[in-house]
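Down below is the structure, laid out as structure tokens.
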Amino acid sequence: MSQQQPNNPLHGKTLEMILNELVAYHGWEQMEYHVRINCFANNPSIKSSLTFLRRTPWARKKVEDLYIRMLHDLKD
């Protein structure tokens with residue numbers, strides 16, 4: 001049973017989808033500026049970032065928050 005979550009912008013999005021959209025919108029340099037983690041600063045890649053973010057809840061939360069801000073900016 002899947003519940004509908006119409007007010008949740010993260011519903012139905014995988015972490016990989018979120019990360020790809022953020023990198024396309026901001027680029028790695030701005031990603032590192034907004035979320036200060038090494039995997040965005042040193043030799044960044046989607047694979048290494050996903051590995052780190054899946055194991056680090058505080059960093060994942062920051063990335064999800066950045067994604068929500070990006071969606072808000074795109075709406076305006």
Side-chain angles (χ1 to χ4, degrees):
M1 281 187 230
S2 73
Q3 296 178 338
Q4 293 296 324
Q5 298 182 17
N7 295 326
N8 182 354
L10 299 176
H11 183 70
K13 298 279 186 170
T14 65
L15 183 57
E16 185 173 7
M17 290 167 65
I18 290 169
L19 195 56
N20 280 320
E21 287 183 45
L22 283 169
V23 170
Y25 183 76
H26 288 291
W28 288 111
E29 192 172 301
Q30 284 298 308
M31 289 286 293
E32 195 269 333
Y33 174 78
H34 291 291
V35 183
R36 299 258 182 206
I37 54 177
N38 250 357
C39 64
F40 291 168
N42 298 321
N43 198 19
S45 72
I46 297 293
K47 184 178 178 182
S48 68
S49 298
L50 285 172
T51 301
F52 179 77
L53 293 170
R54 286 179 178 140
R55 289 185 283 145
T56 315
W58 64 265
R60 181 180 181 139
K61 174 77 170 112
K62 287 185 177 225
V63 168
E64 289 171 346
D65 290 346
L66 180 61
Y67 180 73
I68 291 169
R69 284 195 310 268
M70 179 195 77
L71 291 178
H72 179 71
D73 291 346
L74 291 173
K75 246 189 232 183
D76 293 341

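Computed from a prediction, not measured in an experiment: that's the story for all the values here. One is the number of the first residue; the rest follow in order along the sequence.
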Could you name each residue pair satisfying salt bridge (charged side-chain N to carboxylate O under 4.0 Å, His left out) that touches residues 7-26, not counting sequence neighbours?
Lys13-Glu21
Could you list the residues that satisfy side-chain hydrogen bond (donor to acceptor under 3.5 Å, both in side chains) with Asp73, not counting sequence neighbours?
none
Separation between CG of Leu71 and CD1 of Ile18, rounded to the nearest 0.5 Å
8.5 Å
For the student: nearest non-hydrogen atoms of Glu32 and Ile37, plus distance
CG-O, 4.1 Å
If you group Ile, Leu, Val, Met, Phe, Trp and Tyr by side-chain heavy-atom gaps below 4.5 Å, do Ile68 and Met17 land in one group?
no
Any residue meeting salt bridge (charged side-chain N to carboxylate O under 4.0 Å, His left out) with Arg69, in chain and number order, not counting sequence neighbours:
none
Nearest 0.5 Å please: distance from the CG atom of Leu19 over to the CG atom of Leu50.
5.5 Å
Restricting to pairs with a member in residues 32-66, which pass ring-ring contact (aromatic ring centres under 6.0 Å, His included), not counting sequence neighbours?
His26-His34, Trp28-Phe40
Which pairs, with at least one residue in residues 47-61 and sequence neighbours excluded, count as a salt bridge (charged side-chain N to carboxylate O under 4.0 Å, His left out)?
Arg60-Glu64, Lys61-Asp65
Nearest 0.5 Å, please: how far is CG in Leu15 from CG in Leu53?
5.5 Å
side-chain hydrogen bond (donor to acceptor under 3.5 Å, both in side chains) filter on Ser48, not counting sequence neighbours, yields Ser45
